[in-house]
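In what follows, a single structure is set out as structure tokens and then discussed.
In the text below, chain A, chain B and the rest are named by the order of the sequence lines, each starting its count at 1. Below, all heavy atoms of this structure are taken into account, side chains as well, without hydrogens, waters or symmetry copies.
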Amino acid sequence: MTPLTHPTGSDLMQLAPELILTGAGVLILLVDAFLPGLKRLATPLALAAIALAAVLAWFGVPVGVSFGGLLESTGITAILGLAILLAAFLCVLASHGYLRREEIFGGEYHALLLWCTVGLLLMTRATELLTIFLSLELLSVCLYSLAGYHRRLTVATEGALKYFLMGAFVSAFALLGIVFVFGQAGTTRVAELTAMLESGVEIDPLLTLGILALVAAFGFKMSLVPFHAWSPDTYQGAPTPFVAFLSVAPKVASAVVLIRLLSLVLPGPTGARWSALVALLAVLAMVVGNLLALVQQDIKRMLAYSGIAHMGYLLIPLVALDESSWWPVVVYLLAYTLMNAGAFVIIALLYARAGEQHLISELSGWGYRFPLLGICLTICMLSLGGIPPTLGFLGKYLVFTHAIEHDLLWLAVVGVGTALIGVFYYLRVVYTLYMKAEVRAPEGLLIDSWGRVAAVIATVGVLILGMWPGRLLDWIGRAIASSF
Amino acid sequence: MTVPVSWYLLLAVMLFAIGAAGALTRRNGIAIFLSIELMLNAANLSLVAYGRVVAERTMDLASAHTAQIIVFFVLAVAAAEAAVGLALFIAVYRKRRTIDVDRLNLLRW
């Protein structure tokens, strides 16, 4: 066992982004409680905290292990941390108008969002099972509360309750998984587990069961197929700008943990069976997600199912997991963060009646009424469909070439085939935007400049990084190379 | 005469199974939540028992302490979950006058 030492200054430096976000959350709550006249300041305060945390996460956090091996920062965790912070940034920008329109503006929304981001950042870097579990719970508790934040709406509280019950059920299994791993291996540190499994000891069935339970728990957070039932319901009820965060950030962090868990077992003697399991999960997510998205009339539910499908594509590089898998995974996660958060941000602006269905047909002809948002939504949809020259295309391209290079041609074929179904329903949104006559007058909308800025940031990111990916790929390549 | 550690593990697994079965079959939200709490506490029990097993196996008392410390964290997590969960139950009950999960069916695919 590694002896625990007192935290040093460099340990605290590792936590600087998290400390800033936590402090800002407390500050926002205090302002809300004692200076209610200034509560609109919550948005700029939260934005400043996230920006500062992002700068610190990139420049200030030393690479390496801290807190006696509980946390580890690498180039990869830094990039994915930035993706999570970006999602939070877009969410806060888009929330301002939404919260004002619905008359539910309160500091606790921003505070919970910042604390949830803290949990996510910790989870991407945690290399010890209890730390992973605690950060998972920190972010889950914040997500449950935020999902039911619009508590005047019946669907919001109901969706949040479903999410809570399923989430708590799954956390109990995650905990049992940790208990089994601890009981068989005698340690909860991922590094020690790796060393133990590499030394060739016989893998106890209970250890396998434990890791399986953990994989299921993170599969739930990523809404992979047998565990996906919560996501459409929760997305429909939750505040739409918050869904921009909920649909991307937890998936980014959970994907990292999933890779950590899988790289424990995939090189081992049972590796082939684990590969088959991951391939099965990927195929299920791609097929079920795309087919169910096809029949949805509600755009939030459609994007919920399409998000399930995207997590299926993301699993493809994990079937043949090695160092080269990080490359497509990181690019795909970045692309997914930008385009999915962007899409939800725009939906938040274009639909006024929260809690009711957000029918795709209501967007008919609005591409001309709202030219900027129409173009932004179009580009996000094209990117989600994987059409060049967007970042979504680049992500899919890297994922599928990775599969082909590792003799998984069949998986790439399934991926491309289901992606074609995806193109159909994404293009239907674009078609509705531009080719149909208007059916709805724009009433009750509140399209403020905060929201417009969020939409433009996401869209420009998707487009510019997709057209000139050279620098981005260099940057990611260097970060990955420095992580091993 | 001491009770063998395996009995504790067996009891924990049984409690966990009862909790899981309850969570899946009960219709009342509070009952589901209680079942989930039972699962968490079953995991706690097995943690303490395992801590003992591991400590005897490795001749290192630190493992037992690790397990016991994890239990404290889990207790705190369960309390935090209960706070959020019960708040959600109240919010739903105010709107719907029921927390029967079968009747909470506004949302369906």
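- Counting heavy-atom pairs closer than 4.5 Å to chain A, the top residue among Gly85(B), Ala23(B), Ser35(B) is Gly85(B).
- Distance check, rounded to the nearest 0.5 Å: CE of Met39(B) to CZ of Phe173(A) gives 4.0 Å.
- Per-residue counts of heavy-atom pairs under 4.5 Å with chain A were compared for Asn44(B), Thr58(B), Val74(B); the largest is that of Val74(B).
- Using a 4.5 Å cut-off between heavy atoms, Val92(B) touches chain A through backbone and side chain atoms alike.
- Put simply, of Gly148(A), Ser140(A), Ala168(A), the one with the most heavy-atom pairs under 4.5 Å next to chain B is Ala168(A).
- Residue Phe89(B) qualifies as enclosed at atom CZ: its count of foreign heavy atoms under 6.0 Å is above 12.
- Proximity to chain B (any heavy atom under 4.5 Å) is restricted, for Ala185(A), to the backbone atoms N, CA, C and O.
- Once rounded to the nearest 0.5 Å, the distance linking CZ of Phe164(A) with CD1 of Ile36(B) reads 6.5 Å.
- For Ser46(B), the parts sitting under 4.5 Å from any heavy atom of chain A are the backbone and the side chain alike.
- Closest of all the heavy-atom pairs between Gly29(B) and Leu165(A) is O-CD2, 4.3 Å.
- Annotation: the span from Phe73(B) atom CZ to Glu137(A) atom CD amounts to 13.0 Å, rounded to 0.5 Å.
- When heavy atoms are compared at a cutoff of 4.5 Å, Ala12(B) does not approach chain A at all.
- A salt bridge is defined here as a Lys NZ or Arg NE, NH1 or NH2 lying under 4.0 Å from an Asp or Glu carboxylate O, and Glu158(A) with Arg96(B) meets this definition.
- Inter-residue side-chain proximity for Phe133(A) and Ile70(B) is flagged as unmet; no heavy-atom pair is nearer than 4.5 Å.
- At a 4.5 Å heavy-atom cutoff, the contact between Leu130(A) and chain B is made by side-chain atoms alone.
- Going from atom CZ of Phe16(B) over to atom CG of Leu175(A) covers 7.5 Å, rounded to the nearest 0.5 Å.
- Between the NZ atom of Lys162(A) and the CG atom of Leu88(B) there is a distance of 13.5 Å, given to the nearest 0.5 Å.
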*Taking it one step at a time, do Phe33(B) and Phe169(A) satisfy ring-ring contact (aromatic ring centres under 6.0 Å, His included)?*
CA-CA 8 Å; Phe33(B) 186 61; Phe169(A) 185 66; over 10 Å; no

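- Heavy atoms closer than 4.5 Å to chain A are found nowhere in Arg94(B), neither backbone nor side chain.
- Closest non-hydrogen pair, Phe182(A) versus Ser63(B), comes out as CZ-O, 3.4 Å.
- What you find for Gly186(A) and Arg57(B) is that their closest heavy atoms are N-NH2, 4.0 Å.
- With rounding to the nearest 0.5 Å, the separation of OG1 in Thr157(A) from CD1 in Ile90(B) is 12.0 Å.
- The two residues Lys95(B) and Arg152(A) make their nearest non-hydrogen contact at NZ-O, 2.7 Å.
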